[in-house]
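All remarks here apply to the structure that follows.
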Amino acid sequence: MWLTKHEKEVLKLLLDDGKLSDTSMAEKLKISTQAIGRIRKRLEEDVIKKYSVELDTKMLGINIISISKIKVDNLTPKDIEILEKTMIKEPRNISILKMMSGEGNYIIVSGFKDVEELNNLIEDYRKHITQQYTITETHVLPLHCLLKDSCSDLCNKLIDSCGVKHAEMGGGNSDGYANNHKS
């Protein structure tokens, strides 16, 4: 992917603070607010999927996380699809990873207020999900053991590794966009 120098800078600013205004970014980057608007529009079309809020989950009552490895056996593709949709719909599941080693292996990271809530969910799954599955391993950790829960460092590194599109390459102005207005 090719990004202009300013596109990279805007992405990094937004990654750090998604509510940053165009005016604030323009001041920081010493370019016009209009240029920031054009850059943001392009990035929203191509790179930015959505803006979101990061909440303090501890304040909302999440005290433990569980990391579970699940194995399912002898399921039809339709059964696997139903199981995956069920796992995705469960609001306590934070991340669901489908492992490449063998069909029907998953790692699920979930959040709970306490171990009792985790056990209740497991029992509920056993009662209502008819597919054959086994929880082969579960690790339960207090939330304070979570040292990093963000991919922003990786995204910053990827932004840095993108090729730089220079204004002269596209015949554009200083923000990397072509000037389509005729005098």
Side-chain angles (χ1 to χ4, degrees), residues 1 8-22 24-25 40-41 43-162:
M1 171 169 218
K8 287 182 172 192
E9 291 169 334
V10 167
L11 275 176
K12 287 183 167 195
L13 288 172
L14 289 172
L15 196 55
D16 187 47
D17 180 1
K19 340 181 263 189
L20 204 57
S21 71
D22 288 0
S24 296
M25 285 189 280
R40 186 190 288 258
K41 183 175 183 202
L43 293 173
E44 287 172 348
E45 289 172 356
D46 296 338
V47 181
I48 298 171
K49 287 172 54 173
K50 68 178 181 174
Y51 295 93
S52 64
V53 176
E54 185 177 336
L55 302 174
D56 185 339
T57 52
K58 177 87 171 153
M59 292 299 293
L60 293 172
I62 301 299
N63 295 303
I64 63 168
I65 56 170
S66 70
I67 304 164
S68 300
K69 185 175 178 185
I70 295 178
K71 175 147 178 60
V72 294
D73 294 312
N74 304 320
L75 295 181
T76 67
K78 182 68 176 166
D79 288 337
I80 289 173
E81 182 183 337
I82 291 168
L83 179 64
E84 288 176 355
K85 284 181 180 177
T86 302
M87 291 188 294
I88 290 168
K89 284 182 184 176
E90 172 54 53
R92 292 177 195 93
N93 291 340
I94 299 165
S95 295
I96 303 168
L97 307 164
K98 187 172 188 174
M99 297 174 62
M100 300 300 288
S101 60
E103 192 174 310
N105 293 307
Y106 301 88
I107 295 177
I108 301 177
V109 179
S110 307
F112 300 92
K113 67 179 183 180
D114 54 32
V115 174
E116 182 179 343
E117 188 178 51
L118 167 62
N119 288 334
N120 289 341
L121 179 69
I122 291 170
E123 285 305 312
D124 192 49
Y125 272 10
R126 286 193 176 125
K127 288 177 189 171
H128 296 99
I129 298 176
T130 58
Q131 292 91 354
Q132 297 287 354
Y133 77 94
T134 307
I135 300 173
T136 59
E137 198 174 331
T138 295
H139 301 275
V140 179
L141 306 164
L143 191 61
H144 73 270
C145 289
L146 181 62
L147 300 179
K148 183 177 181 179
D149 184 28
S150 170
C151 65
S152 9
D153 291 337
L154 174 59
C155 289
N156 271 313
K157 183 178 172 115
L158 293 171
I159 291 166
D160 285 339
S161 72
C162 287

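All values below come from the heavy atoms of this structure, side chains included, with hydrogens, waters and symmetry mates left out. The shown structure was predicted, so the numbers you read here are calculated from the model rather than taken from an experiment. Residue numbers start at 1 and run along the sequence shown.
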Kindly compute the distance separating [atom1] ([X]) from [atom2] ([Y]), expressed to the nearest 0.5 Å.
X      : Y      : atom1 : atom2 : answer
Ile159 : Lys157 : CD1   : NZ    : 13.0 Å
Asp153 : Leu158 : CG    : CG    : 11.0 Å
Lys58  : Leu146 : NZ    : CG    : 12.0 Å
Cys155 : Leu11  : SG    : CG    : 9.0 Å
Thr136 : Asn105 : OG1   : CG    : 7.5 Å
Thr86  : Ile96  : OG1   : CD1   : 10.0 Å

_Would Asp160 and Lys12 count as a side chain to side chain contact (heavy atoms under 4.5 Å, CB included) here? Give the steps._
CA-CA 9 Å; Asp160 285 339; Lys12 287 183 167 195; 2.4 Å; yes
*asked:* Taking atom CD as the centre, does Glu45 end up with more than 12 heavy-atom neighbours from other residues, nucleotides or ligands that are less than 6.0 angstrom away?
replied: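 Atom CD in Glu45 is crowded, with more than 12 foreign heavy atoms closer than 6.0 Å.
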_Does atom NZ (Lys69) have a neighbourhood of more than 12 heavy atoms from anything else shown, all under 6.0 Å?_
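For Lys69, atom NZ is not crowded (no more than 12 foreign heavy atoms under 6.0 Å).
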*Is the backbone N or O of Cys162 less than 3.5 Å from a side-chain atom of Lys8, with the two atoms forming a donor-acceptor pair by type?*
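Yes; judged by distance alone, with no hydrogens or angles, the pair exists.
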If you take all heavy atoms of [X] and [Y], which pair is closest and at what distance?
X      : Y      : answer
Ile94  : Ser110 : CD1-C, 3.8 Å
Ile135 : Ser68  : CG2-CB, 4.3 Å
Lys98  : Tyr106 : CG-CE2, 3.7 Å
Arg92  : Phe112 : CD-CE2, 3.1 Å
Val140 : Val115 : CG1-CG2, 4.2 Å

_For Ile62, the option from Asp56, Thr57, Leu55 that meets side-chain contact (heavy atoms from CB on, under 4.5 Å)_ =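 Looking at Asp56, Thr57, Leu55, the match for Ile62 under the side-chain contact (heavy atoms from CB on, under 4.5 Å) is Thr57.
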_Test side chain to side chain contact (heavy atoms under 4.5 Å, CB included) on Ile108 and Glu90; report intermediate values, then the result._
CA-CA 11 Å; Ile108 301 177; Glu90 172 54 53; over 6 Å; no
_Test side chain to side chain contact (heavy atoms under 4.5 Å, CB included) applied to Leu14 and Arg40, step by step_ = CA-CA 10 Å; Leu14 289 172; Arg40 186 190 288 258; 3.8 Å; yes
*Side-chain contact, heavy-atom cut-off 4.5 Å: Asn93 with Ile88?*
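Contact flag for Asn93/Ile88 side chains = no.
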*asked:* Using the rule given for side chain to side chain contact (heavy atoms under 4.5 Å, CB included), can you reason through Leu83 versus Met87, listing the C-alpha separation, both sets of side-chain angles and the distance that settles it, and then say yes or no?
replied: CA-CA 6 Å; Leu83 179 64; Met87 291 188 294; 4.2 Å; yes
